[in-house]
Novice: 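Pasting a structure below so you can have a look.
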There are 2 protein chains.
Amino acid sequence: MSALHHTGYDPARVIPLAPAARAPSAEAVLGRVATTIRAAKHEAICHDGDEADAYFRVETGCLRVSKTLSDGRRHVVDFLFAGGFFGLTQGDTCDCTVEALTDTVLTRFPRRQLEAIAERDPATCNMLRRAVNAALSAAQVRSMLLARLSAEERLAAFLLDLAGRTGATRRLPLPMTRVDIGDYLGLTIETVSRTFTKFRTRGWIHLGASQDVTLVALDRLGELSEGGVLQAA
Amino acid sequence: MSALHHTGYDPARVIPLAPAARAPSAEAVLGRVATTIRAAKHEAICHDGDEADAYFRVETGCLRVSKTLSDGRRHVVDFLFAGGFFGLTQGDTCDCTVEALTDTVLTRFPRRQLEAIAERDPATCNMLRRAVNAALSAAQVRSMLLARLSAEERLAAFLLDLAGRTGATRRLPLPMTRVDIGDYLGLTIETVSRTFTKFRTRGWIHLGASQDVTLVALDRLGELSEGGVLQAA
DNA sequence: CGGTACGTTGAATCCGATCAAAGCGTGTGG
DNA sequence: CCACACGCTTTGATCGGATTCAACGTACCG
């Protein structure tokens, strides 16, 4: 698979801990401080600049992580699905705004307690470290996408990435609006819409009733994003 | 100096570890497996896809971290200066190519040993975790730069970031070529060159003999990148 | 001296942005 | 139940910033 999709930043897989041997320990320890939180559609979990008082893992639903510039330009840093996480910042303030795109269930880990546990429990610390590491790799691939790919390549990569992350094979939910997608891919809504239309008229995708897409020509989409993203040598 | 500090982004501040009490421990442990490596200008330390067998911290010099697409398009993921690091990947292969832009001195930590230490020593693990975390935050800001800022804003932000990272006040070294800068900022060499010229003719910068710049109007550059990068609320 | 690699500058082109307007769907209140 | 309004999407026309193509300048080095 190409670097663009499946960067390993696949929260669902990352957090439930790869090296299973260690998992029980970390899970057990963390379970003691975890609580379950619900967020309704459109509700904000935290705002850029707020005090960061907790770390969250998404159980079900979809969230939007974004930053907004003083002049109003917005950038969507990421969309989170089940298994995704946020709240691990370096300072003690949130560096992004996080909002629910659908009704969402989250697990909340109080920051002080989580940090205290990580401070002495290597299993927990390493789990967090691996998760952040995966997110970093994904962010680097994303920066290449933003710096070098065309609108068509970006959208193709986005759709395939989404498929990989949600576990969907061909039909995927699109809980986000065109604005969100544009702000995620560094494009305008019009360009996103036109590119969707291009894909549709070419028969590569099928646009369902406004909140889902079906990927028809996975190979074509793959060529576009892959031709972009595969490593050289 | 402590062992694995400096994320390369805001080195001095991030790594010397807030809770200073822990640093000595991690420092001492890591020191035992570290070796010093030298790389000559233009020499590659590792290639994308290679087996990742070590983690490196830059002591002196400047490195270029990049990815190249199959069709030749290249993206410079980062420039590393003293205190910067690389090699902490998730899988066991390098996900970027790293090359020396100047003669460089590096400290090398064998991957297996480093991982083994992190596995049992919370101090080391947390230090690594914080470093990766800082890098992730920086990557998110960079993706906003690539997605939303204009050429002028990008170059202004780049120059100010460079000043911050190298510790230079006004006169900074530019060990990288225009191609490198273009590939870093998602622009072509021509656009980078033209933008440098604009800044020069406005009297905002002074271009020295091909390998350094002097920032004259820090405030102007700040407005440009800040108008871009400052948070809203 | 060539030669090569890097940088600057100019002119033409193009992709995506911007401006504008028209569909569409959904939900709410008359 | 329908009318209307609001939010989102699509489509069209035009604009503009960055790219592309091309040429020239400049520094370094054998």
Side-chain angles (χ1 to χ4, degrees), chain A residues 40-42 64 69 71-76 99 101-102 145-159 173-202 205-213 224 228, chain B residues 40-42 64 69 71-76 99 101-102 145-159 173-202 205-213 224 228:
Chain A
K41 188 171 178 174
H42 297 142
R64 185 210 315 135
L69 300 180
D71 62 5
R73 281 177 289 183
R74 193 184 67 157
H75 176 58
V76 170
E99 289 149 303
L101 294 182
T102 66
L145 176 143
L146 293 169
R148 289 287 171 234
L149 301 198
S150 69
E152 289 192 18
E153 291 170 325
R154 290 182 205 192
L155 189 64
F158 171 69
L159 291 174
L174 280 186
M176 65 292 285
T177 66
R178 297 286 185 269
V179 181
D180 291 331
I181 298 174
D183 287 350
Y184 183 62
L185 299 178
L187 303 168
T188 59
I189 36 174
E190 293 95 331
T191 300
V192 171
S193 181
R194 277 185 247 271
T195 308
F196 264 119
T197 302
K198 277 187 200 168
F199 286 180
R200 180 168 50 70
T201 58
R202 288 175 197 163
I205 63 174
H206 180 262
L207 288 171
S210 173
Q211 294 291 11
D212 71 74
V213 213
L224 251 188
Chain B
K41 189 171 179 174
H42 298 141
R64 188 215 306 139
L69 302 181
D71 63 4
R73 280 177 290 182
R74 193 183 67 156
H75 176 58
V76 170
E99 290 149 303
L101 293 182
T102 66
L145 175 143
L146 293 169
R148 289 286 171 235
L149 302 199
S150 68
E152 289 191 18
E153 290 171 324
R154 292 183 204 191
L155 190 64
F158 170 69
L159 292 174
L174 280 186
M176 65 292 286
T177 66
R178 295 286 186 269
V179 181
D180 292 331
I181 297 174
D183 286 350
Y184 182 62
L185 299 178
L187 302 168
T188 59
I189 37 175
E190 293 95 330
T191 301
V192 171
S193 182
R194 278 185 247 269
T195 309
F196 264 119
T197 303
K198 276 186 200 169
F199 286 180
R200 181 168 50 70
T201 58
R202 287 176 198 162
I205 63 173
H206 180 261
L207 288 171
S210 172
Q211 294 292 14
D212 71 74
V213 213
L224 252 188

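Naming convention: chains lettered A, B, ... in sequence-line order (proteins, then strands); numbering from 1 in each chain.
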Novice: Within the structure shown, what part of the strands sits under 4.0 Å from R200(A) by heavy-atom distance: base, sugar-phosphate, or nothing?
Specialist: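 The residue R200(A) makes sugar-phosphate contact but no base contact.
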
Novice: Quick check against the 3.5 Å criterion: does R178(B) have a side-chain atom that pairs as donor or acceptor with the backbone of E190(B)?
Specialist: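 Not a single qualifying donor-acceptor pair exists.
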
Novice: Side chain to side chain contact (heavy atoms under 4.5 Å, CB included) for Y184(B) and L145(B)? Distances and angles first, verdict last.
Specialist: CA-CA 11 Å; Y184(B) 182 62; L145(B) 175 143; over 6 Å; no

Novice: Would you check, one step at a time, whether the test side chain to side chain contact (heavy atoms under 4.5 Å, CB included) holds for L149(B) with L69(A)?
Specialist: CA-CA 10 Å; L149(B) 302 199; L69(A) 300 180; 3.9 Å; yes

Novice: In the 5'-to-3' direction, what one-character label does each nucleotide of nucleotides 17-22 of chain D receive under the scheme B = base within less than 4.0 Å of a protein heavy atom, S = sugar-phosphate only, - = no such atom?
Specialist: -SBBB-

Novice: Rounding to an integer number of Å, can you tell me how far R178(B) CZ sits from dC6(C) P?
Specialist: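 Going from CZ in R178(B) over to P in dC6(C) covers 12 Å.
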
Novice: To the nearest angstrom, how far is F196(A) atom CZ from dT11(D) atom C1'?
Specialist: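 Whole-Å distance recorded here is 16 Å.
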
Novice: Tell me: CE of M176(B) to P of dG7(C), nearest whole Å?
Specialist: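 Answer to the nearest Å: 11 Å.
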
Novice: For L224(B) and F199(B), what are the C-alpha separation, side-chain angles and deciding distance, and is it a side chain to side chain contact (heavy atoms under 4.5 Å, CB included)?
Specialist: CA-CA 11 Å; L224(B) 252 188; F199(B) 286 180; 3.9 Å; yes

Novice: To the nearest Å, how far apart are H42(B) NE2 and dT4(C) C1'?
Specialist: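 Nearest whole value for this atom pair: 13 Å.
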
Novice: Just how far, in rounded Å, is C1' of dT9(D) from CD1 of I181(A)?
Specialist: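 Spelled out: CD1 on I181(A) to C1' on dT9(D) is 11 Å.
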
Novice: Show the nearest heavy-atom pair for residues Q211(A) and M176(A), with the distance to one decimal.
Specialist: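 Looking at all heavy atoms of both residues, the closest pair is OE1-O, 4.5 Å.
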
Novice: Mind checking whether H75(A) and L146(B) have side chains closer than 4.5 Å, heavy atoms only?
Specialist: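 No, too far: nothing below the 4.5 Å cut-off.
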
Novice: Need the bend value for the helix from dC1(C)-dG30(D) to dG30(C)-dC1(D): angle between end axes, 5 pairs each end, nearest 10°.
Specialist: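 Both end axes considered, the difference amounts to 20°.
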
Novice: Whole angstroms only, please: what is the CG-P distance between L185(A) and dA17(C)?
Specialist: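 After rounding, the reported distance stands at 11 Å.
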
Novice: Quickly, which of I181(A), D183(A), L185(A), V179(A) forms a side chain to side chain contact (heavy atoms under 4.5 Å, CB included) with V76(A)? Name it, please.
Specialist: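 Going through the options one by one, the only one that passes is D183(A).
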
Novice: In whole angstrom, what separates L146(A)'s CG from dG16(C)'s P?
Specialist: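 Checked: the CG to P distance equals 13 Å.
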
Novice: Using only side-chain N and O atoms of T197(B), determine if any of them is under 4.0 Å from OP1 or OP2 of dT9(C).
Specialist: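 So the side-chain polar atoms of T197(B) do come within 4.0 Å of the phosphate oxygens OP1 or OP2 of dT9(C), strictly under.
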
Novice: Nearest whole angstrom, please: distance from the P of dG16(C) to the CZ of R73(A).
Specialist: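 Answer to the nearest Å: 19 Å.
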
Novice: I'd like to know if the side chain of S193(B) reaches the main chain of I189(B), judged simply by a donor and an acceptor atom lying under 3.5 Å from each other, with no hydrogens or angles considered.
Specialist: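 Side chain of S193(B) to backbone of I189(B): no pair is present.
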
Novice: Evaluate V192(A) against R154(A) for side chain to side chain contact (heavy atoms under 4.5 Å, CB included), listing each step before the verdict.
Specialist: CA-CA 10 Å; V192(A) 171; R154(A) 290 182 205 192; over 6 Å; no

Novice: For dG7(D), take OP1 and OP2 only and decide whether either is under 4.0 Å from a side-chain N or O of T177(A).
Specialist: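 For T177(A), the contact criterion (side-chain N or O under 4.0 Å from OP1 or OP2 of dG7(D)) is not met.
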
